[in-house]
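Let me begin by presenting the structure, written as structure tokens, before commenting on it.
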Amino acid sequence: MKVRRIMFIFTICMLAGLVAWSWPSEVNVAQDELRTVESVDLERYVGLWCEIGKIPNRFQKKCVSGTTAFYSFRDDGQIDVVNRCIDKNDKPVRAVGVAKVDDAVTNSKLKVSFVSVLGQRLFWGDYWIIGLDPDYEYAVIGAPKRDYGWILSRRSELTAQQLEEVFATLRDQGYDPDAFVLTEQPSTR
């Protein structure tokens, strides 16, 4: 009789655990798939972008201000990426990479690599355009796991209204805007 009672309690606990595990929660909402914009005109997208903010990451830890990204087309159809910033000693830092379109239907999903070994690109990171101003004045970049994110602008700053639009996009996409650190940019552009 005692074994039956233990098995009954064990079964109830297992069922309760399964129900709790599968029940929708706030945590599961953030795990919804990240949505990209419907389409990106890469001819309009290439050029100079200023970083307005980012989720801090290990590969930009040297950068303290003036972060920019310059995109230009290559002959092979990929995109050259040149990121620049200023370090804590007021010295310029530069990272050169390449981007390739990962979704040719929308052009809103790209892969970016800054690591080349003997001419081979071994590591590619997701670069998804999840928000884009109709006039290409600002862009919001994310990654499927929401572990990376950037706010880019054609100018060194966004208006208060544009920044609120960006934060609304981030919230809608399951990001916490407070996770983004604003980037110091020179005000003369």
Side-chain angles (χ1 to χ4, degrees), residues 32-57 59-60 63-86 92 94-114 124-189:
D32 289 344
E33 185 172 335
L34 196 62
R35 298 174 315 279
T36 60
V37 296
E38 290 182 16
S39 70
V40 176
D41 179 351
L42 292 176
E43 292 283 341
R44 293 181 69 190
Y45 194 82
V46 296
L48 181 65
W49 291 92
C50 297
E51 181 185 274
I52 300 301
K54 69 175 175 291
I55 294 177
N57 56 68
F59 48 87
Q60 282 185 284
C63 298
V64 296
S65 69
T67 305
T68 62
F70 185 78
Y71 307 120
S72 59
F73 287 116
R74 296 164 42 121
D75 291 338
D76 63 5
Q78 295 184 342
I79 299 168
D80 277 325
V81 180
V82 179
N83 290 346
R84 297 176 193 271
C85 69
I86 303 299
R94 186 176 103 144
V96 178
V98 65
K100 62 182 178 180
V101 174
D102 199 34
D103 177 0
V105 174
T106 66
N107 291 330
S108 61
K109 292 181 182 178
L110 292 91
K111 295 277 190 183
V112 180
S113 176
F114 288 92
W124 293 87
D126 290 307
Y127 179 107
W128 288 16
I129 303 169
I130 62 172
L132 185 60
D133 176 68
D135 295 322
Y136 289 65
E137 289 298 314
Y138 67 79
V140 183
I141 311 304
K145 293 181 182 178
R146 294 175 179 81
D147 47 351
Y148 297 108
W150 292 268
I151 303 166
L152 305 177
S153 172
R154 294 296 189 180
R155 294 184 316 274
S156 59
E157 59 186 42
L158 292 175
T159 66
Q161 179 181 341
Q162 289 172 324
L163 199 54
E164 186 47 48
E165 290 169 7
V166 165
F167 288 163
T169 297
L170 290 170
R171 283 188 292 273
D172 182 56
Q173 292 278 12
Y175 277 96
D176 176 5
D178 290 336
F180 285 73
V181 174
L182 296 182
T183 304
E184 183 183 325
Q185 289 287 350
S187 59
T188 55
R189 280 196 55 84

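This structure is a prediction, so every number in the text was calculated from the model and none was measured.
- Smallest separation of non-hydrogen atoms from A179 and P56: O-CD, 3.5 Å.
- Judged purely by distance below 3.5 Å, without hydrogens or angles, the side chains of E51 and Q185 never pair a donor atom with an acceptor atom.
- The closest side-chain heavy-atom distance from V82 to Y71 is not below 4.5 Å.
- Between P186 and G66, the closest heavy-atom pair is CD-CA, 3.9 Å.
- The shortest side-chain heavy-atom distance between L132 and V40 falls under the 4.5 Å cut-off.
- In this structure, CD in Q78 is found 12.0 Å from CZ in F73, a value given to the nearest 0.5 Å.
- Between K109 and D126 no salt bridge is recorded (no basic side-chain N to carboxylate O distance below 4.0 Å).
- D147 has no carboxylate O lying under 4.0 Å from a charged side-chain N of K145, or vice versa, which leaves the two without a salt bridge.
- Side-chain contact between C85 and Q60 is absent, with no heavy-atom pair separated by less than 4.5 Å.
- Smallest separation of non-hydrogen atoms from W128 and P144: CZ2-CG, 3.5 Å.
- For the pair L34/Y175, a side-chain contact is recorded, criterion being any heavy-atom separation below 4.5 Å from C-beta on.
- Between F114 and N83 the shortest side-chain heavy-atom distance falls below 4.5 Å.
- Taking NZ of K100 as the reference point, atom CZ of R74 lies at 11.0 Å (rounded to 0.5 Å).
- Formation of a donor-acceptor pair under 3.5 Å by the T159 side chain with backbone atoms of Q162 is found in this model.
- Closest of all the heavy-atom pairs between T36 and S108 is OG1-OG, 2.8 Å.
- Other residues, nucleotides and ligands contribute at most 12 non-hydrogen atoms within 6.0 Å of the CZ atom of R84.
- Atom CD of Q173 is separated from atom CZ of R146 by 6.5 Å, given to the nearest 0.5 angstrom.
- The closest donor-acceptor contact from the side chain of Y136 to the backbone of D41 lies under 3.5 Å.
- Between V96 and R94 the shortest side-chain heavy-atom distance falls below 4.5 Å.
- Aromatic ring pairs are classed by plane angle as parallel below 30°, tilted from 30° to 60° and perpendicular above 60°; the pair Y148 and W150 is parallel.
- To the nearest 0.5 Å, atoms CG (L158) and CD1 (I52) are separated by 4.5 Å.
- Taken to the nearest 0.5 Å, the OG atom of S72 stands 11.5 Å off from the CG atom of L48.
- A salt bridge links R35 with D172: the distance from a Lys NZ or Arg NE/NH1/NH2 to an Asp or Glu carboxylate oxygen falls below 4.0 Å.
- Proximity of a side-chain donor or acceptor of D135 to a complementary backbone N or O of E137 within less than 3.5 Å is not detected.
- Partner I129 forms a side-chain contact (heavy atoms from CB on, under 4.5 Å) with one of I141, T106, D103, N107 and no other, that one being I141.
- One distance of note links CD1 of I151 with OG1 of T183; it measures 8.0 Å at 0.5 Å rounding.
- Judged as a side-chain contact (heavy atoms from CB on, under 4.5 Å), and not counting sequence neighbours, the contacts of A99 are I79, V81, L110, V112.
- Although no hydrogens or angles enter the test, the distance criterion places no donor-acceptor pair under 3.5 Å between the side chain of R154 and the main chain of Y138.
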### Message
Pair F180, F167 - check ring-ring contact (aromatic ring centres under 6.0 Å, His included), show working.
### Response
CA-CA 10 Å; F180 285 73; F167 288 163; 7.7 Å; no
